Amino acid sequence: MLLKLAMRNIWRNKRRTIITATSIFIAVFAAVSVESLKRGVWDNMINGVVNGYTGFVQVHQKGYWEERSIDQAFSFDESFQNLDQKVSNIKAVIPRIESFVLASHKEETKGGLLVGIDPTKENNLTKLADKLIEGAYLEAEDNAVLLAEGLAEELELTIGDSIVFISQGYRATNADGIYKVKGILEFKSPDQNRKMVYMPLKCAQDLFALNEDGQNLVTALAFKINDKNHIPKIVETLKADLDTETEYDVMTWEEMLPELTQTRELDEGGSKVSQFILYLIITFGIFGTVLMMTKERVYEFGVLLSIGMKRTQLTISIWLEIVLIGFLGTLVGILGGYGLVYYLYNNPIKLTGEIATIYEDYGINPILITSLDFDIFLKQALTVFIITSLLALYPLLKIRRLKPVEAMRS
Amino acid sequence: MSNNNNKTVITTKGVTKVYNPKTIPVHALDGVDLEIKAGEFTAIVGPSGSGKTTLLNAIGGLDRPTEGSIEIAGVDIATLSDGKMIEFRRNNIGFVFQAYNLIPVLTAKENVEFVMLLQGKKKAAMDSRTKELLESVGLGDKMNNRPAQLSGGQQQRVAVARALASKPQFVLADEPTANLDSKSTANLLDIMARLNKEENITFIFSTHDQRVIDRARRVVTLVDGKVFSDEYK
């Protein structure tokens, strides 16, 4: 009965209901669309950056990420090699050896970051072969390297030239070797373009003495994951499987790239402020309606109390009325917002000109795409529900103090 | 003639109501003693400001007297809490207001059912009582009409049916004919008189309307908040 009364009262003053529901619709529609676009753009950016090198999850020996010492290598044994079969949603395990080297050619010497890779697996994650601008991509058995374009220029190297590396090997051994340049890579990031060197994993293990007793040591394992929503479960499984107390670290992209996370948080902080302002305006809009509705119906409330309706029953009926209007506006706002967001998800806005070049330079798809993450819609629905529920307290307080005779005199 | 064989349903003793007691006190009621028995058809009359509505509000538990006691069916309503008072009103007192005060979004049938719903009555019992009441006020064919689709007289008849729905001890009607034309007034009074006679329902009106006064069997006249006269016809 209370629900019926609330529903009928909603349509009693159609114009008021439509105005209130429309204002809620606009707020929810705007909030959902903006939030979804912002998240979609960030996700696209993160996918580009993360899949360009680190991957979403990595495993290292404990403390490696801070020290980056070759001594913190660990055995890439069968248990690690089969992780893509053992842990669901890991699509590939990509082993790496990373170490800083001095690279020399003729009179020139430069510092570089040497990465030992499984060429096929690495290409599966980072699309390294796409960055090749000269020469050929690596084979697993090659005794050759791929050089970043900037480093090659500084050392005056071309395809077929020899390059010498000097570094520290595993457990204080000397690491030095001479390799042919098989290909030149172009990185859009100036930092990567100045320092990156790739060689096959086996070759790197020989250079750094990481396979002396057939230990098959690596410094990092990156994982190819198709959906970042699976990250928490994957991390949980890995942490349960591995000894993370003393031996290994399981790190997510957020831990490996804290500056990216912080930039996103900063941006999200800004958007929270604008969302807060948007909802503040809407709150006052709805409050105006609630105030008007309460004033208009004080007499009616008095009558209902007179004929024996309990204050709690009247309160519930009015609360339902306001919340139902909020629900109506939210539902339409979410449906409308979802329609736009869904369209933009399937038909993202393609960026052109200089901005597109900048995106591409950092390995990011130059599009503005939305996100269909369910929690975006849920959050907006909850926000409006909380706002309307709080605003509904006003008539409730009024009803609590209402004296029937005074109300009917009004 | 009074219904002396019937039990007393309302007893007021020294009922006083003072508005603005701390600033400019206005004595709306000044020591009203009254006893109303079951089955009476009483009109409370008097000039404007004499305290008619205040007395009705006090008897109906809508307003509390400053002094004195009001006993209804053995219960001193001044001692009831707000929640208990609402419950008491719902189960013991029927109200008919000058402006009908039906719930505009409910049909005639739903308006009558409303109080029974609040009482927690079963659907079958509600249906039969609603039908019986609306037929008794001549609106059996208007059950599904909303208030806006009914004339003033019809709305007031629905209000009477609603007031009787909870099977109250008595019905308080505050100027029930003030907004009605002669025909509707006569019709309404006929219905209430019939219900009073045939079903022994106690009616107490506050009124200025001579047509109502003429039909009343007891007339209590208030002047300046005091009972000036109390006559049985």
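In what follows, every chain begins at residue 1, and chains take the letters A, B, ... in the order their sequences are listed. All figures in this text were calculated on a predicted structure; none of them were measured in a lab.
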(request) Salt-bridge test for Asp127(B) and Lys109(B): reply yes if a basic N is under 4.0 Å from a carboxylate O, no otherwise. (result) yes

(request) Please state whether the side chain, the backbone, both or neither of Pro104(B) comes within less than 4.5 Å of a heavy atom of chain A. (result) side chain

(request) Please determine if Arg297(A) and Glu321(A) form a salt bridge, counting it only when a charged side-chain N lies under 4.0 Å from a carboxylate O. (result) yes

(message) Is Lys310(A) close to chain B through its backbone or its side chain, or both, or neither, when contacts mean heavy atoms under 4.5 Å?
(response) both

(request) Tell me, for Asp82(B) versus chain A, whether the close heavy atoms (under 4.5 Å) come from the side chain, the backbone, both or neither. (result) side chain

(request) Determine, step by step, whether Lys38(A) and Glu35(A) satisfy the salt bridge (charged side-chain N to carboxylate O under 4.0 Å, His left out) criterion, reporting the C-alpha distance in whole Å, the side-chain angles of both residues, the deciding distance to 0.1 Å, and the verdict. (result) CA-CA 5 Å; Lys38(A) 198 171 272 286; Glu35(A) 176 74 10; over 6 Å; no

(request) Indicate the atoms forming the closest heavy-atom contact of Ser50(B) with Leu222(B), along with that distance. (result) CB-O, 3.3 Å

(request) Please determine if Arg39(A) and Asp267(A) form a salt bridge, counting it only when a charged side-chain N lies under 4.0 Å from a carboxylate O. (result) no

(message) Between Arg64(B) and chain A, with a heavy-atom cut-off of 4.5 Å, which part of the residue counts as in contact: side chain, backbone, both or neither?
(response) neither

(message) Between Lys142(B) and Glu135(B), does any side-chain N to carboxylate O distance fall below 4.0 Å?
(response) no

(request) Would you name the heavy atoms of Phe377(A) and Leu372(A) that are closest together and state the gap between them? (result) CE1-O, 4.0 Å

(message) Report which part of Ile103(B) has an atom under 4.5 Å of a heavy atom belonging to chain A: side chain, backbone, both, or neither.
(response) side chain

(request) Let me know if Phe97(B) has heavy atoms under 4.5 Å from chain A in its side chain, its backbone, both or neither. (result) side chain

(request) Mind ranking Leu118(B), Ile93(B), Val115(B) by heavy-atom pairs under 4.5 Å with chain A and telling me who comes out on top? (result) Leu118(B)

(request) Tell me, for Leu117(B) versus chain A, whether the close heavy atoms (under 4.5 Å) come from the side chain, the backbone, both or neither. (result) side chain

(request) Measure Asn101(B) against the heavy atoms of chain A and call it side chain, backbone, both or neither at under 4.5 Å. (result) both

(message) Counting heavy-atom pairs closer than 4.5 Å to chain A, which one of Leu62(B), Asn91(B), Val105(B) comes out on top?
(response) Val105(B)

